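Note that these values count all heavy atoms, side chains included, but never hydrogens, waters or copies made by symmetry. In what follows, chains carry the letters A, B, and so on, assigned in the order in which the sequence lines appear, proteins first and then strands, with residues in each chain numbered from 1. Nothing here was measured: the structure is a model prediction, and the numbers come from that model.
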Amino acid sequence: MAVAIETVGLEKRYRQGTRTVEALRGIDLKIEEGEFVALLGSSGAGKTTLLQIIGLLDRPTGGTLALLGQDVTHLDRASATRLRGTTVGFVFQEFCLVPELTALENVALPATLRAQVAPADPHAWLKRVGLGDRLHHTPRQLSGGQMQRVALARALVGSPRLLLADEPTGHLDSETAHEIFELLADLNARDGLTILAATHDAELAARAGRQVRLEAGQLREGTRP
Amino acid sequence: MLLRLTWLNLRRRPARTLLTVAGVATAAAAAVALFAFQRGYQRAVAHDVADLGFEIMVTAPGCPYEIATVAMTGGAGLKYIDDSLLDDFSALPEVDQATPFLLQAVRGPADSGWLTLVGIELDSYRLFKPSLRLSEDIPGDERGRWPEPTASREEVVLGAGLAEATGWRIGEVIQLESLPGLKITGILAPTGGRDDGVVLIDWRLSQRIFERPGRLTGIGLRLRSDESAVAAFEEHVAAMGGIQIVDTSAVGERVVDLVHSTEALLLAIASVAGLIAALGVVNTIWLSVVERIPELGVFRSLGASRGDLFALIWSETIVTCAVGGCVGTLFVLLGGGAIEGWVRSQVPYAPRETLVLFEAEWLGVGIAGAIALGFVGGLLPAWRAAALRPLDAIRRGE
């Protein structure tokens with residue numbers, strides 16, 4: 001099976017006042033296409049930093065990163081933006097929906113913002129995440145779980161091959177959080193979507209196909225259920 | 001959809017957006033009103049000068065602008081020339097036409113203010129104003145006639161506007177101050193100029209009833225069109241004393257020049273309004289960008305390029321300014337009457353024609369100027385949004 005994400009000796013250091021913070025220390029991670037990997041770790045372990053580097057939102061200070069077989073370590077900004085738009089979908093802890101737009105319009109947003117992208121079918125994606133009857137509701141009229149589903153549909157509407165989820169259940173109650181992870185698992189199983197989801201909840205992480213754990217910027221390979 | 005997104009973003013802070021739109025509207029209104037006034041005033045002055053019919057006026061020495069103003073708007077002259085000069089000027093070979101005029105003012109009926117009686121020699125006066133004719137369209141009135149050209153018959157013709165304002169009819173004998181009764185023999189067709197508001201009377205009759213024997217306010221002249229006529233005229237005039245030559249077109253130009261000095265002030269005000277509006281726009285959109293930094297970061301994570309965000313913010317600015325430009329222009333169009341009234345109270349000479357002339361091209365310039373303001377004013381906030389690093393932007397929302 002092809003490798004979706006591969007990092008070798010990935011490092012990230014940054015200055016914080018007078019001291020240097022080592023957020024990532026030599027991360028070696030290989031995720032194959034179609035895998036669902038849970039990234040476990042406590043707050044400050046480096047989960048978000050790793051996801052943002054993999055999602056081409058940030059650059060490593062050391063090591064290499066390859067996505068779908070392409071070395072993207074030193075991509076310029078424009079190329080990174082293009083690749084991110086066509087390959088990577090993001091879901092954040094904050095839903096970050098535009099409050100004035102309906103669910104349908106929020107999901108259509110990536111195509112709206114990127115005129116070069118072929119219009120996807122936001123309607124179908126909202127149905128896929130179970131919101132076929134909430135198309136014209138604004139975020140204020142939706143529950144937290146429904147808003148995250150809209151955010152998920154928005155991340156998937158461009159048909160990305162990788163989905164990066166940064167604590168997607170952080171603001172949800174336990175039952176809704178399980179529903180979201182069930183949905184991720186379903187997308188992985190039925191659509192073959194490669195997913196890397198950060199969470200600090202071990203019970204949720206157990207739904208993933210594989211778990212890896214970050215501790216103080218270093219990777220501890222976890223288990224395969 | 002992008003426009004809808006723009007519109008929704010602007011609606012997030014309606015009061016702030018409205019204030020910004022109001023600022024742009026004010027600047028656009030000032031600019032449009034300024035240009036409308038400039039065009040309208042020039043046209044109105046040119047019309048008044050043309051309505052006078054004279055290229056040159058011979059008058060008693062004095063301020064040429066005051067004399068020209070009295071001649072264009074009505075009123076009485078304080079100084080006179082001798083009417084024998086009419087024969088002298090008529091005899092000059094370079095003079096093509098000459099006509100005398102004697103301006104006198106009397107109290108009108110009730111509170112109608114002052115009436116100007118323009119003493120003319122009908123035949124020569126009509127050569128200067130070939131379009132002057134009697135109205136054929138006055139309900140209930142018999143067809144009028146021109147007064148007899150003699151000092152012995154007290155007959156007059158009324159301007160159309162004066163007839164309408166006073167209700168005087170053909171055949172009526174009007175009594176003005178201590179003057180003998182004056183019979184109205186006709187009413188002029190509307191001219192759109194000075195003649196609408198005056199009483200035309202034979203100049204000799206005017207000399208008699210106002211007890212100004214041998215006196216004239218001035219003589220209107222038209223020179224022959226050959227190039228040597230002006231030089232010959234200047235040579236002849238130089239030899240004459242006790243008169244003043246007024247070039248009416250030059251007076252018109254001077255009046256417009258005087259207004260141009262006011263225009264510079266208005267232009268400065270419009271520029272300041274534009275600058276304030278531009279700063280207001282930059283401030284509003286900048287704040288909007290700062291408030292939405294996390295959202296813009298998410299947009300970047302969704303694949304929006306720097307150019308996409310630039311376009312989004314820029315379009316918000318342009319829409320704000322375009323709406324402001326349209327509102328300001330509409331405001332000026334609807335408030336044209338009030339602007340006209342204010343301008344009339346400010347300018348040194350207010351012609352009869354409308355002073356504020358709205359032309360499609362200048363209305364377009366008002367809106368286009370506002371949009372241009374948006375193009376320029378939007379650059380900084382749009383650049384700010386485009387320069388956001390997605391990571392930092394998203395972190396701001398944490």
Side-chain angles (χ1 to χ4, degrees), chain A residues 12 14 23 43 48-49 51-53 55-59 77-102 104-117 119-120 122 138 151 154-160 164 166-167 170, chain B residues 1-18 285 288-320 381-398:
Chain A
K12 180 66 180 179
Y14 57 86
S43 292
T48 298
T49 305
L51 284 175
Q52 286 171 339
I53 289 175
L56 305 174
L57 289 174
D58 199 4
R59 286 178 170 176
R77 281 184 181 174
S79 303
T81 298
R82 268 198 302 277
L83 190 61
R84 186 167 60 240
T86 55
T87 306
V88 183
F90 264 104
V91 181
F92 301 93
Q93 183 172 332
E94 305 286 346
F95 316 123
C96 290
L97 303 177
V98 179
E100 293 83 5
L101 298 183
T102 64
L104 197 61
E105 289 168 334
N106 265 292
V107 175
L109 203 52
T112 303
L113 291 168
R114 292 175 283 147
Q116 74 276 17
V117 173
T138 61
R154 184 180 63 184
L156 297 173
V157 75
S159 302
L164 305 176
D166 187 8
E167 298 277 8
Chain B
M1 177 69 177
L2 186 63
L3 268 182
R4 176 161 154 68
L5 192 60
T6 298
W7 176 243
L8 289 171
N9 284 333
L10 292 173
R11 279 183 52 193
R12 285 183 183 181
R13 296 278 187 273
R16 194 167 66 192
T17 301
L18 279 176
I285 305 296
S288 168
V289 168
V290 169
E291 284 171 357
R292 288 187 289 152
I293 281 177
E295 182 179 299
L296 296 172
V298 171
F299 287 179
R300 289 298 306 275
S301 78
L302 294 172
S305 67
R306 294 156 70 98
D308 295 330
L309 292 194
F310 191 96
L312 179 66
I313 302 301
W314 214 21
S315 67
E316 285 182 25
T317 321
I318 293 165
V319 166
T320 303
W383 168 81
R384 172 86 168 90
L388 283 175
R389 295 182 63 228
L391 177 62
D392 296 334
I394 293 166
R395 276 181 178 160
R396 289 277 295 271
E398 289 175 352

Those residues that, when tested against A:Gln93, pass side chain to side chain donor-acceptor pair (under 3.5 Å) (two or more places apart): none
Pairwise distance CG(A:Leu109) to CD(B:Glu295) - rounded to 0.5 angstrom: 8.0 Å
Distance, nearest 0.5 Å, that separates OG of B:Ser305 from CZ of A:Arg82: 9.5 Å
Any side-chain heavy-atom pair of B:Arg306 and A:Thr81 under 4.5 Å: no
pair B:Val298-A:Phe95: side-chain heavy atoms closer than 4.5 Å: no
Set of salt bridge (Lys or Arg N to Asp or Glu O under 4.0 Å) partners for B:Arg292, sequence neighbours left out: B:Glu316
